[in-house]
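What follows is one structure encoded as structure tokens, with my remarks underneath.
So that the names make sense, note that chain A is the first sequence line, chain B the second, and so on, each numbered from 1. Quick caveat, the model's predicted, so the values are computed rather than measured.
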Amino acid sequence: MGGVHPEENKISNDAAIEVMPVGKQMVVLMNQHLGAPATPVVQKGDKVKVGQLIGEAQTFMCANVHSPVSGTVLKVDTCKDAFGLAKPAVYINVEGDEWMESIDRTPDIKRECTLEPKEIVAKLKEMGIVGLGGATFPAHIKYSIPEGKKAEYLIINAAECEPYLTSDYRVMMEHAEEVCIGVSILRKALGVPNAYIGIESNKPLAIAKMQETARQFEGIIIEPLKVKYPQGAEKQLINAVTGRRVGSGKLPIDSGCVVSNLGTAFAVYEAIQKNKPLIENILTVTGKELPSQHNYIVRIGTTYNEIIAHSIGQLPETTGKVISGGTMMGKAVVNLDAPTVKGNSSVLVIGEKEARRNPETNCIRCGKCASVCPMGLEPYMFSLLVKNNRIEEAKAHNILDCIECGCCFFSCPANKPLTDEIRLGKNKVRAMMAAKK
Amino acid sequence: MTQQILIAVLILGALGIFFAVVLYIVAQKFKVVEDPLIDEVAEVLPGANCGGCGKAGCRAFAEACVAQHSLDGLRCAPGGDAVAAKIAALLGCVVEQGEPMVAVVRCNPANCGDKRKSNYDGLRSCAFENTVYTGESGCPFGCLGCGDCVAACQFNAIKMGENGVPVVDADKCTACGACAKACPRKIIELRNKGKKDRRVYVSCVNREKGAVAMKSCANACIACGKCAKVCPMEAITVEGNVSYIDYKKCIACRKCVTECPTKAIHDVGFPAPAVKPAPKPEAQAAPAAEKVEIPVAEKVEVKS
Amino acid sequence: MNLLNISGSPHVHSDESTKKIMWRVNLALVPALIVATVFFGVNALLVSLISVVSCVLFQWLIEKYILKQKPTIWDGSAVVTGLLLAFNVPATAQMLWIVVIGALVAIGIGKMSFGGLGKNPFNPAIVGRIFLLISFPVQMTTWPVPGFTMSFDAATGATPLGAFKEGALPADVTLWDAFLGHIGGSMGEISAIAILIGAIYLLCRKIITWHIPVAFIGTAFVFSAILWLINPETYMDPVMTIFTGGIMLGACFMATDMVTSPMAKSGQLIFGFGCGLLTIIIRNWGAYPEGVSFAILIMNSVTPLLNCWCKPKRFAE
């Protein structure tokens, strides 16, 4: 139901993953995940090693943060993030590249995992693993199944339906075995018989590679998916793989499903088998205007400017927008001096002409927004309700079901910022509900 | 023929009587007894339904007044003391005289207009833009300039200034507070109008540390505390990296205005020539920057 | 370097625009215009031209001098209204000035008085046509006889529907004539094949969906078939019914107008059903021989209700 077909633009598909060198100074933000920021456990002058814990999760909805570099802590202060907002951060002066002894840096692939499910979850927490599909939801919370619920399906999202992004694709092509081990570990943590890896059928090479690798593992099923944005959205993916529908206001676990991103599975492998905390991102540097396309392993905390300088030198004159993430759901970056954080999947450069939105015109009530909405909602109506502050009604028409995929704005011939309006409406609904409590 | 007419008349007549009876019964059954006082109170209210009183509209306000038979905790800002007195007369209670208030926009336009640091291309709504990023000025506490306050004002008293920061028309402003509520960054505050409409306020709400705030905006309050030291009335407090003038204590002596190194403190309503040249050489170069609310444009030119 | 643009996601657009949609509709109307020109000669072209020009002109004048906003004549919507209005009148010389009045009513009252494109509850071209039909009943029902002619004073005759209302279908009108367009009638409605070509183009371009045309024509067909089976003497046969008069044009171009038709698919089916039903009712028991415009106008007024009742299927339910 619904969905659109934006231009795929997977132009960095064939660029093998390179390793980005480490800069002179690193700034590590303390909230790189959904929830409260981690509490810094280092002080000015402390020596840290790569992989050392520097921010501890002290509340429930939080994840550990580890040092991506070795060196001396310069200060514990705030730093402006990619959107210009100050966030607590640890500044580290880089000295050498000394890793924690516990981390296994050999290239050998380690298959056996003897940990019990509880121990796996505990280790995910220790290693600061978060969901790398975009929401950066702490993994240990996701894999601690609440009392009374039962997981029946583990679904790995490798749809990568966002235009431009190729990091998951590269991971599948280069690290298929590690991914499968990671998936097996997650499967064990949940105690489910089968794990399904959903891949859009426009990536035949990745499907073949994964199928070949998965054959060596028990209970990993590769599920080719129809090419349609947003095929990789959690609820749509569950529907495509299991036929189940996650109800309004419900979580995937209510339908017996746990969904993780493919990148997360790779990070899980490294964390569990190699004791390596989440200190690196695999990200795509891409854009039609760029002279070259890249996929990198980047230490978390490297700034956008450093990534740009290393990969393409400087931004082209015609740059109109820099996006972290894909064109459909990524976020526009304003502060290029900001450090990257967990879950960043790309530095996407869009030309001036493409970046500008066309002027808004009158709604012609074509109903396109409603017909492309993967959740079966009516964006045009939300637009009117939010404009007229009729928040109760917007809530009654399930505005909170919106997954903000952007199909409505994408297809609107009147260029109405429908997705923006719905987001505003959702915020207003949440504020109203909070006020009622 | 006569018979037909007769039948028609009879049927219609009977129907008429029947419906009259039904209407009468229904009217009796669903009669709403309402205090006639509510109508009288509603009559004296401005009727703008601005919502500044916190009620759903003017009628709801009138109902609340009549229900508690006093004006305690209820104030119609647009109506002011005149309306309060009228309501008090109707209700037969006493009412305290409130001080006239006005909405004040506490943001310098130094960063906006031509000095934008990015181009916002999304939904023209401050409430939404605030969830996306810092805004075009680059200041995470500054005015976003999409005009949610302008849209909220029922009295046409607030307009977007040339530099992207709204300007309040003090004569039209009724201090209903709708703009202050609409502002997602709490930049707009209701302050007293002051004697002879003269008032002094800190035109900045940036809570960043001094150096960071300076980077965000040349006219940011850097919380240096000079104003607090110079204030004879102890009206100024510096809390959370931003200074605040308590208008209840302020006597509008303007010592803080000349003291402020970033010109974050504005004075309004003072005759312009009365200002003595400031001692600092850089401030001398900028005599036009002395504040009246309207020549905002000049101020920016000086800064550039 | 330029300032970075910032907005919420998404950061791409499908490049669809109102303008593109409207000009594609205009393109889809060209086959019918060609057939009209072939059968009715220069008059057809002239009436269309005057109608389009006056629609665009009135829109420009109203936007510029009354609403004081930036004129939007290039979005092509006034051209669509102008063409559809012209298609709904007979291609006679006297229509040359009458159609200007129709254009004023269509644009001025039917569209701009509600706030312009997208805000009108009724299809402007139909508003214009019905105004003309009521104000100029004689001129609006003086149909030129189709033929390959270049003359301005063509002979006049009856439409198949008009003839049927008076008594019986003229014997020389065959189904093939109706399909090709060799029959009397308003200039745009005569040729089913030309309209279908345009409709197929719109379907391929995803500007219209099949729901309204199929429901409209299907209902008209089934309903008239039932009547015909009951009494073939009084009622026209169903195939002839859907190929004569304005059913094809109405179902494919007028009823599918985005602005005035329901948005949900289920609503569109009900909308089409209502149009078909009302058309046959008006044709058979109404005062006018043709009821398509009235049927669409009535269903236009129900559209807001249909939008309320018919919701798309929610994913989460």
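Proximity to chain C (any heavy atom under 4.5 Å) is restricted, for P374(A), to the backbone atoms N, CA, C and O. Proximity to chain C is absent for every atom of V4(A), based on heavy atoms less than 4.5 angstrom apart. For K321(A), the parts sitting under 4.5 Å from any heavy atom of chain C are the backbone and the side chain alike.
Among residues 393-403 of chain A, the residues having any heavy atom closer than 4.5 Å to a heavy atom of chain C are, in sequence order, H397(A), N398(A), D401(A). Taking 4.5 Å as the heavy-atom cut-off, the residues of residues 346-357 of chain A that approach chain C are E352(A), E354(A), A355(A), R356(A), R357(A), ordered by number.
Summarising the geometry, atom CG belonging to N415(A) is positioned 9.0 Å from atom CG belonging to D15(C); distances are rounded to the nearest 0.5 Å. In this structure, the separation between CD1 on I364(A) and NZ on K119(C) is 13.0 Å, given to the nearest 0.5 Å.
The choice from Q268(C), R314(C), M258(C), K20(C) that makes the most heavy-atom pairs within less than 4.5 Å of chain A is R314(C). When each of G2(A), G247(A), C407(A) is checked for heavy-atom pairs under 4.5 Å with chain C, G247(A) comes out on top. Interface check for chain A: of the options G118(C), S17(C), S14(C), the most heavy-atom pairs under 4.5 Å are formed by S14(C). Put simply, of G115(C), A264(C), P312(C), the one with the most heavy-atom pairs under 4.5 Å next to chain A is P312(C).
Other residues, nucleotides and ligands place no more than 12 heavy atoms under 6.0 Å from the CD atom of Q314(A). Heavy-atom neighbours of E360(A) CD from other residues, nucleotides or ligands within 6.0 Å: above the threshold of 12. Crowding of K416(A) atom NZ: a count of heavy atoms from other residues, nucleotides or ligands under 6.0 Å exceeding 12.
For residues 403-428 of chain A, the pairs satisfying ring-ring contact (aromatic ring centres under 6.0 Å, His included) are F409(A)-H13(C), with sequence neighbours left out.
Listed by chain and number, the residues in a ring pair (Phe, Tyr, Trp, His ring centres under 6.0 Å) with F273(C) amount to none (sequence neighbours excluded).
Between the side chains of K265(C) and S371(A), not a single donor N or O lies within less than 3.5 Å of an accepting N or O.
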